[in-house]
Structures are given as C-alpha cells and as structure tokens.
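What follows is a short report on a single structure.
In the text below, chain A, chain B and the rest are named by the order of the sequence lines, each starting its count at 1.
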Number of protein chains: 2
Amino acid sequence: MNELQIAARAGAITDVAGIEVGHFTDTRRPTGCTVVLVRGGAVAGVDVRGAAPGTRETDLLDPCNVVNTVHAILLSGGSAWGLDAASGVMRWLESQRIGLDVGTALVPIVPAAVLFDLLVGDAHIRPDAKAGFAACQAASRQPPAEGNVGAGAGAAVGKMFGMPYAMKGGIGTASVTLDGVTVGALIACNALGDIVDPDTGALIAGARTAEGGGLRDTRRCLLRGEPPLPILAGTNTTIGVIATDAPLTKAQAKRLALMGHDGLARCINPAHTLSDGDTLFAMGTGLAGKSPGMIVLGVMAAEAVARATVRAVRSAQGMTVGELVLPGAADFPPR
Amino acid sequence: MNELQIAARAGAITDVAGIEVGHFTDTRRPTGCTVVLVRGGAVAGVDVRGAAPGTRETDLLDPCNVVNTVHAILLSGGSAWGLDAASGVMRWLESQRIGLDVGTALVPIVPAAVLFDLLVGDAHIRPDAKAGFAACQAASRQPPAEGNVGAGAGAAVGKMFGMPYAMKGGIGTASVTLDGVTVGALIACNALGDIVDPDTGALIAGARTAEGGGLRDTRRCLLRGEPPLPILAGTNTTIGVIATDAPLTKAQAKRLALMGHDGLARCINPAHTLSDGDTLFAMGTGLAGKSPGMIVLGVMAAEAVARATVRAVRSAQGMTVGELVLPGAADFPPR
C-alpha cells in the first residue's frame with residue numbers, strides 16, 4: 001500500500017468501538033468545541049507537553065489517583081474561558097444518567113483541554129456550557145466533519161512571525177486498524193509552528209512569506225537567525241484525543257498519549273514550544289477485548305496522530321475575519 | 001544554505017563554551033562510556049521519555065529541588081550496571097577539586113543515564129568506576145570521536161524483529177550556532193526503532209529484511225500487521241546531552257530537554273517505546289552571557305539532537321561479534 005492509498009482510507013476516531021464525536025461551531029465568530037463521548041466509560045490518561053496548557057480534570061488521570069473511568073473528553077477554543085464548556089458536557093451526561101455514581105448524585109468525569117483562538121474575531125465570544133451541551137447533542141458514531149469546525153473553527157498555524165503571515169488550522173481525524181483493534185485520533189491543530197508531511201519532509205502549511213505567495217519555512221528561518229515575533233505564552237496549542245478499543249490501564253493510557261506526541265513532533269515544527277499548550281488525551285474502551293501490545297499500540301497512536309494533524313490542516317478552509325486573512329492549505333499557494 | 005552544506009558543518013557539543021567530552025571504549029568487548037564535563041558547573045534539567053530508563057541523580061534535577069549546578073553528565077553502556085561509572089566520574093572530579101562544597105568534603109554532581117548493550121559480546125563486561133575515571137582523563141575541548149566509541153560502542157538499532165536483523169548504532173554529535181549562542185548535542189543511539197532522515201523521510205538504518213540486503217521499514221511493517229518480536233523491557237534506549245552556553249534556569253533546562261525529544265521523534269521511528277529508556281539531559285553554562293529566548297533555543301535543541309542522532313548512526317561502523325552481524329549504515333545496503 002503506498003502513501004496515497006493510506007491517505008485515502010484515513011479513517012476516523014469514530015471507527016473505535018464505543019466512541020461518538022460531536023462538534024459545536026459558533027455562527028457568530030470562528031470558535032467552537034468538540035466532544036468525544038464514551039457512554040460506556042473508558043480508562044484514560046493524558047500527556048501535557050506544551051509549556052502553556054489550559055486543562056481541566058487532568059490530575060484525576062494520574063495513574064496514582066483513584067477515579068478510573070472517564071465519560072467524555074472535551075476539546076475547546078476560547079482559551080481558558082473555553083473550559084466552561086466542559087460543564088455543559090457534564091450536564092448533558094447527567095441528563096443521560098451517565099456519570100460516576102456517588103450515591104447522592106452522578107458526577108460525569110470530563111477532562112478537557114483548550115486552545116487559544118482569541119485573535120480570530122470578537123474575543124468576547126467563546127465556547128460556554130451551552131456550547132458543550134450542544135456538542136453532545138450533535139454527537140454521533142458518524143465520522144466527524146473536519147477543518148473549520150468545532151474546536152478547530154478558529155485555529156491557525158504558522159504564527160511564528162505574526163498573524164498576518166499565518167494560515168488556517170483546523171480539526172482532523174484518522175484511524176489505524178490492525179487485526180480487529182483500532183486506534184483513532186482527533187486533533188485540533190492551532191500550532192505556532194509549520195505543518196510538515198512526515199513522509200517527505202515537505203511543508204504543508206505554515207508561516208507565509210512577506211509577499212504572501214509562499215511559505216517561509218519557520219525552522220530554517222529561525223536557524224538562519226531570523227528572530228520570531230515576541231510571542232505571548234499560550235496563544236497557540238495543538239490538542240487532541242487518541243482512542244482505542246483495546247483495553248488499557250491508566251498508566252498504559254498515559255504511555256499512549258506520550259507516544260502520540262511523537263506524531264505531533266513529526267508533523268509540527270517547532271512543536272511543544274513555550275507558546276503551545278500541546279496536550280493529548282488517550283483512552284481505551286476495551287471493547288475489542290484484545291490488544292496487539294503497547295509497542296504496536298504506540299506506533300498506531302503516533303501514526304494516527306500524525307495523519308489526523310495533517311488532515312486537520314489539509315481540510316482547513318481559508319477565511320477572512322476583519323483584516324485577518326488566513327489561507328487554507330488546500331488553495332495555497334494561490335494559483 | 002542547502003541540506004548538504006548544513007550537514008558539512010555539523011559541529012560538535014564541544015563548540016559550546018565550557019564543555020569537554022571524553023570517551024572510554026572497552027577493548028575487551030563493544031561497550032564503554034562517555035562523559036560530558038563542565039568544570040565551571042552548569043544548570044541542568046532532564047526529560048525521561050522512554051518507558052525503561054536507567055538513571056542516576058535525575059531527581060536532583062527537578063526544578064523544585066535545591067541543588068542548582070552539575071559538574072558532569074555521564075552516558076554509559078552496560079545497562080544498570082553502567083551506572084557505576086558515574087562513581088568514577090565523581091572521584092576524578094574530586095581529584096580536580098571540583099564538586100559541591102559541603103564543608104567536610106566535595107560532592108561532585110554527576111547525573112547519568114545508561115543504555116542496554118548486553119547482547120553484544122560478553123555481558124559480564126560493562127563500564128565501571130574505572131571506566132568513568134578513564135573517560136574523564138580522556139576528556140578535552142576537541143570535537144569527540146563518533147560512531148563505535150564510548151557509550152555508543154555496543155549500540156545497535158532496528159531491533160524490532162530481533163538482533164539478527166539489527167544494524168550498528170553509535171554515538172554522534174552536532175551543534176547549531178546563532179548570533180554567538182551555541183546549542184550542541186551528543187547522542188548515543190541504541191534505538192529499538194529505525195533511523196529516518198527527517199528532511200526527506202528516507203530510512204537511514206534499521207531492521208533489515210530476512211535476506212539481509214535491504215531495510216524492512218519497521219513502522220510500515222507493524223502497521224501492516226507484522227508482529228514485533230516479544231521484546232524485553234529496557235533492551236534498547238537512546239540517551240544524550242544537550243548543552244548550550246546560553247544561561248538557563250533549571251526549569252528552562254528541563255524544557256530544552258523536552259523539546260530535544262522532538263528531535264528524537266523526528267529521526268527515530270518508533271521512539272519512546274516500552275523497551276526504550278530514552279533520556280535527554282540539557283544544561284546551560286551561561287558563558288555566552290545572552291540567549292535568543294526559549295522558543296529559538298528549543299528549535300536549536302531539537303535540530304542539534306536530530307542531526308547528532310543521524311550522525312551517530314551514519315558514523316557507526318559495521319561489526320561482527322561472535323555470531324552477531326551488525327552492518328553499519330555507511331556500507332549498507334552492501335554493494
């Protein structure tokens with residue numbers, strides 16, 4: 001199978017038994033949130049590798065801590081404001097009678113991570129609890145829409161030299177199946193760095209030249225001595241969810257998230273910077289009832305993350321918001 | 001500057017002001033150790049990303065812990081036995097009156113990490129305190145030898161389908177300089193995975209085909225469903241040191257080590273597996289008296305790590321030890 005054939009059957013995180021995905025995309029300005037629902041519960045872990053993360057319920061995922069099951073994971077725009085949307089996911093899960101039963105109530109467990117999209121349109125509009133609730137209402141087992149939707153609606157990439165030279169980011173998904181076990185990924189890519197095709201080293205999107213007609217190649221520019229724009233902490237970030245139907249312990253889920261970050265490293269350059277809050281969750285539903293082992297699962301996770309990240313950017317559509325122009329990779333360079 | 005020109009001036013970790021490197025290579029079987037000395041002391045951090053690490057004095061590097069200065073970092077073969085070599089580095093530093101002065105004695109601070117090379121020759125021969133002492137005696141400001149020396153002497157790569165199909169690993173170095181600030185890396189590569197040129201996606205070394213004349217492409221084999229050999233934890237590992245003459249806090253040193261792992265992810269596939277103890281140290285001597293900022297330093301670190309890893313494998317010489325044949329990348333595939 002060649003690369004094109006692999007790409008043609010990219011799959012989706014919803015190929016994983018037990019996983020549903022729903023987007024809420026704000027119609028007022030480009031922002032939104034995306035929920036990964038797992039009604040039957042899943043064992044989860046997280047690896048926070050960026051230096052400027054915005055997260056919720058990640059300490060609970062520590063293998064030393066006691067709660068073993070999550071019911072959903074939320075990815076949101078809106079920077080730290082977007083964490084609010086997780087409350088809406090909790091309320092929707094409660095309405096479905098899903099959550100940790102503490103006797104007097106249900107407590108749905110909803111880890112969340114956010115990305116910064118407050119430079120794209122009116123920064124006072126950001127995902128809230130209603131947005132999280134709406135994302136749950138929209139959730140299904142269908143392959144989720146990609147590009148400018150949900151948590152990827154306001155995402156941009158290639159921002160090292162400033163927003164005037166950036167391109168549109170987005171959200172993407174992919175999956176890898178081996179002998180009845182699937183690993184899928186859903187990635188909202190809002191990276192400071194450029195996006196690279198890891199199979200060829202070629203740039204897919206990133207910081208554009210001053211004339212706007214080509215890509216600068218951020219890594220080589222920096223290594224030649226061109227200074228980056230002074231960058232506010234946390235004004236970027238790639239976030240995502242890895243899911244598998246293999247059974248995982250919490251420690252194994254954390255290892256899968258960790259190996260998933262290698263997928264980001266291979267297609268984002270630079271990744272994990274001081275201005276990215278790069279965070280990946282991983283979860284296992286166990287519904288496949290078997291596993292190819294953690295080494296193979298890790299390879300599948302890194303692969304699914306890399307393909308989903310490339311798809312996030314390849315499926316992003318160019319947009320203009322006020323004076324800000326963000327071309328999409330599909331129609332760049334302009335013909 | 002094109003890729004060839006970049007490669008031609010790869011540089012070395014000893015380009016960093018204040019850094020000396022010494023190898024001890026055992027003549028009895030392929031193993032050894034490598035010391036990175038910093039007589040004037042450096043602020044250091046570590047990021048342990050592999051699942052099967054062998055380390056010493058890494059807790060001390062936590063930014064919350066108090067000791068702020070290290071005097072050397074040791075990389076060694078011999079699996080956990082090789083940690084012994086750090087005692088020899090401590091003794092040599094004491095003989096030079098270098099160490100943390102606790103009034104009654106000097107305590108040299110020598111973090112260390114090891115790799116597993118006990119499948120290459122007599123496993124009862126491994127670096128000890130004498131080996132660490134000898135590495136210090138051999139240390140200098142000269143660019144260190146690369147390939148089958150020091151901690152890289154017994155290294156191998158491409159072991160997913162067993163040692164009969166592996167190739168020789170080694171140790172390599174590279175540096176990047178920008179406006180008077182240098183970041184260098186020294187990497188001993190003994191990876192389970194294959195080695196990839198991150199600029200082209202092409203394989204450089206790794207698991208060979210059953211006939212031995214080509215490379216299998218471990219990642220694609222696994223993704224097609226070929227099972228890996230059952231692999232003992234910790235029988236692989238890539239370890240290294242990143243050094244800069246920029247000033248760093250302990251927290252910044254840890255971030256530099258973390259971003260350095262992206263360099264490993266880009267040229268080792270898979271990296272950070274259950275059977276790799278991948279560990280990178282980073283340290284700042286501060287002798288440059290300035291810094292381009294952590295985002296640029298991180299890009300420089302990832303780049304130096306990737307180039308040093310590629311050099312480690314490209315400079316490795318093929319060897320035969322008993323029935324074990326490990327071809328080097330330079331003369332593979334055989335003509």
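In terms of heavy-atom pairs under 4.5 angstrom with chain A, the leader among B:Gly298, B:Ala271, B:Pro227, B:Gly193 is B:Ala271. The most heavy-atom pairs under 4.5 Å with chain B, out of A:Gly201, A:Ala265, A:Pro292, come from A:Ala265. The most heavy-atom pairs under 4.5 Å with chain A, out of B:Thr200, B:Val176, B:Ile268, come from B:Thr200. Ranked by heavy-atom pairs under 4.5 Å with chain B, the list A:Gly263, A:Gly293, A:Ala51 is led by A:Ala51.
Between B:Val296 and A:Pro228, some side-chain heavy-atom pair lies under the 4.5 Å cut-off.
For chain B, no part of A:Asp197 is nearby; none of its heavy atoms comes within less than 4.5 Å. B:Met259 touches chain A through its side chain: at least one heavy atom from C-beta onward sits under 4.5 Å away, while N, CA, C and O do not. With a threshold of 4.5 angstrom between heavy atoms, A:Ala302 does not approach chain B through any atom at all.
The line from CG of A:Leu222 to CD of B:Glu303 is 10.5 Å long, rounded to the nearest 0.5 Å. To the nearest 0.5 angstrom, B:Cys267 atom SG is 9.5 Å from A:Arg266 atom CZ. With rounding to the nearest 0.5 Å, the separation of OG1 in B:Thr218 from CD1 in A:Ile295 is 11.0 Å.
At least one donor-acceptor pair closer than 3.5 Å links the side chain of B:Arg49 to the backbone N or O of A:Leu258.
In terms of heavy-atom proximity, B:Arg255 sits nearest to A:Thr273 at NH1-O, 4.2 Å.
The environment of CG in A:Asn65 is crowded: more than 12 heavy-atom neighbours from other residues, nucleotides or ligands sit within 6.0 Å.
Annotation: side chain to side chain contact (heavy atoms under 4.5 Å, CB included) contacts of A:Ala243 (sequence neighbours excluded): A:Ile13, A:Val16, A:Ile19, A:Met283.
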